[in-house]
Amino acid sequence: MLTINLIREKKDFVIERLKVKNFDSEEIVGRILSLDATRREIQLKTDTLQAEMNRISKEIGNLVKAGKKDEANAAREKTYSIKEEIRSLTEKIDPVENELKNEIIKLPNLPHESVARGNGADDNVKVREGGAIPALPDTALPHWDLIKKYDIIDFELGIKLTGAGFPVYKGKGAKLERALISYFLDQGVKAGYTEMMPPIMVNEDSGFGTGQLPDKEGQMYNVALDGFYLIPTAEVPVTNIYRDVILNGDQLPVKNIAYTPCFRREAGSWGAHVRGLNRLHQFDKVEIVQIAHPDHSYKALEEMVAHVESLVASLGLPYRIMRLCGGDMSFTSALTYDFEVWSAAQKRWLEVSSVSNFESFQANRLKCRFREKGEKQTRLVHTLNGSALALPRIVAAVLENNQSESGIAIPPALVPYTGFEIIN
RNA sequence: GGAGAGAUGGCAGAGUGGUCGAAUGCGGCGGUCUCGAAAACCGUUGUCCGCCUUCCGGCGGACCGGGGGUUCGAAUCCCCCUCUCUCCGCCA
């Protein structure tokens, strides 16, 4: 959520920047400014009247204590009309405030100045690439055939237990999954992140804090009986740790890492390109989250990108890093880099990580601030997160890229974690 | 699931209708003392909103789990909700 101050002070700038995200905000901003003016006008009136009320009430107290009953009653008479006036103003201010908030949360985050205009994935900018695309024989199989051949992941069993998109990992498949989680966590801890194991269900406040609610309600599984949501990403609980928190400047940056299962309803997004592990309702992901000083958040973003890059490279996967254009970026992000790995049998790039700086957009919803030592003023922090990494598509690429007649070779970096070198 | 108790500032913990944004202690910050530190002593120490102000800041309003009510006046009284704790039962 953008701050009202920014909208008030840099109205034209806000409108211009949002055009990069193909978002026409002129009307909304106009409504916001008018509601804001109304709100302040009403508040000034009520505050003045309330001050008068408080003064008289205090006076009555003193008069009663002094035994001046008649004067006290006279003063009491005066309060009735003021009270009525306050009541009617209060009734007006509530809807104005609600409407104001409803309008503000409609505005997406402003894109960073480096973000290009564009409509979709085709307009994203390739920043870097690495790794060699393997040459596979024509007999190479897509991962959904490989997992059947080696019996390591069972989709039909998942359908029986739950439904489509909830696979069962078996034998070496399960071990590979666990190995990747451990490997990613260990690498993160080495890079200075603190490991967290958060709840995988969150309440409504948390859903609002990171921006899933109210807009993307339909994307999350809802445990209606208790009012909880299954997390679509560890970003939600791990970032919400800092909801309503004021940090000391010297505590920044906060660097946390967490493995969690992730749950996504993916309503309406089924169709082509979602076979096998490409899109699931439940999947595993290791997420890195940073709470950064606003002056250093882009340095933090680069550091996170470098970390994710080192992970992908260490698995020997061909990858490319894309800077998302305005039209392809999420509502909450100011700058996003996507990581894609080459899936050799599907012959397509699969998104395995998305690393973003949200600047103060989430922080403003979360009310996460920090105070510099010696300063009185609090400021909003910047929040960042990225997948490091999302497992299923990594598994898909590892299986497809490393297949041969004799089986699937495990990347050397993972062997200490799997305990085996080949799936056959 | 049954019975009971409670929710106050960073923490602990007073406060049952007016002068309470809230005693006191701890912690934090600044200072005195010291070569330095500890101890001791002195001072200071919440958040949000609005108005004024060139900065420093000043003034006003709100906030004692959340929401509503009674009252001229509510941390204090009433109603609803949420959460926590204790005991019993069940249980990974």
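The sequence lines fix the lettering, A, B, ..., with proteins before strands; numbering per chain opens at 1.
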### Task
Between B:A62 and B:A3, how far apart are the C1' atoms? Round to whole Å, please.
39 Å
### Integer-rounded Å distance: B:C49 P and A:Arg39 CZ
8 Å
### Query
In whole angstrom, what separates A:Lys68's NZ from B:G18's C1'?
17 Å
### Summary
Between CD of A:Glu375 and P of B:G46 the distance, given in whole Å, is 16 Å
### Query
If the P atom of B:C63 is compared with that of B:G68, how far apart are they to the nearest Å?
11 Å
### Phosphate OP1/OP2 of B:C49: any A:Arg40 side-chain N/O under 4.0 Å
no
#### Entry: B:A7 versus B:C81 - spacing of their C1' atoms, nearest Å
14 Å
### Query
Whole Å only: how far is the CZ atom of A:Arg369 from the P atom of B:G46?
14 Å
### Query
Which whole-number value in Å describes the distance from A:Gln251 CD to B:G10 C1'?
12 Å
#### Entry: Pairing partner (Watson-Crick or G-U wobble, both distances under 3.5 angstrom) of B:C59
B:G50
### Task
Check whether any side-chain N or O of A:Arg371 sits under 4.0 Å from OP1 or OP2 of B:G10, and answer yes or no.
no
## Note on the structure
Rounded to whole Å, the CG-P distance (A:Leu247 to B:G46) equals 18 Å
### Task
Could you work out the separation of B:C41 and B:U34 based on their C1' atoms and round it to a whole Å?
14 Å
### Task
May I ask which nucleotide in the shown strands pairs with B:C87, Watson-Crick or G-U wobble, both distances under 3.5 Å?
B:G2
#### Entry: Cation-aromatic face contact A:Arg365/A:Phe208, 6.0 Å, 45 degrees
yes
### Query
Aromatic rings A:Tyr221 and A:His281: how do their planes relate, parallel, tilted or perpendicular, breaks at 30° and 60°?
perpendicular
#### Entry: Watson-Crick or G-U wobble mate for B:A75, both contacts under 3.5 Å
none
## Note on the structure
Rounded to whole Å, CD of A:Glu97 lies from P of B:G50 at a distance of 10 Å
#### Entry: Strand partner of B:A38, provided both Watson-Crick or wobble distances fall under 3.5 Å
none
#### Entry: Gap in Å between the two P atoms, one belonging to B:C80 and one to B:G28, rounded
44 Å
### Query
Does a side-chain N-to-carboxylate-O contact under 4.0 Å join A:Arg323 and A:Asp123?
no
### Task
Starting at the 5' end of nucleotides 54-76 of chain B, put B wherever the base has a protein heavy atom under 4.0 Å, S where only the sugar-phosphate does, and a dash everywhere else.
------BSS--------BBS---
### Summary
Residue pairs passing the side chain to side chain donor-acceptor pair (under 3.5 Å) test with at least one member in residues 225-237 of chain A, sequence neighbours excluded, are A:Glu217-A:Tyr229, A:Thr233-A:Lys285, A:Glu235-A:Gln362, A:Glu235-A:Asn385
### Query
Applying a 3.5 Å limit to both distances, which nucleotide forms a Watson-Crick or G-U wobble pair with B:G17?
none
### Query
Are the aromatic ring centres of A:His382 and A:Phe358 under 6.0 angstrom apart?
no
### Message
Taking only side-chain N and O atoms of A:Thr378, does any of them lie within less than 4.0 angstrom of OP1 or OP2 on B:C48?
### Response
yes
### Message
In whole Å, measure the gap between the C1' atoms of B:G9 and B:G15 for me.
### Response
14 Å
### Task
Counting Watson-Crick and G-U wobble pairs only, both distances under 3.5 Å, name the nucleotide matched with B:G65, or none.
B:C81
### Salt-bridge contact A:Asp24-A:Lys19 (side-chain N to carboxylate O under 4.0 Å)
no
### Message
Looking at B:G10, which nucleotide sits across from it as a Watson-Crick or G-U wobble partner, both distances under 3.5 angstrom, or is there none?
### Response
B:C26
### Query
Does A:Asp145 pair with A:Lys149 as a salt bridge, N-O distance under 4.0 Å?
no
### Query
Does a salt bridge link A:Arg55 with A:Glu59, judged by any charged N lying under 4.0 Å from a carboxylate O?
yes
### Task
Write down the distance separating the C1' atoms in B:G31 and B:U54, rounded off to the nearest Å.
31 Å
### Query
Over how many whole Å does the gap from A:Leu49 atom CG to B:C51 atom C1' extend?
15 Å
## Note on the structure
Rounded to the nearest 0.5 Å, the CG atom of A:Asn357 sits from the OH atom of A:Tyr298 at a distance of 4.0 Å
### Distance between C1' atoms of B:C64 and B:C20 (Å, rounded)
10 Å
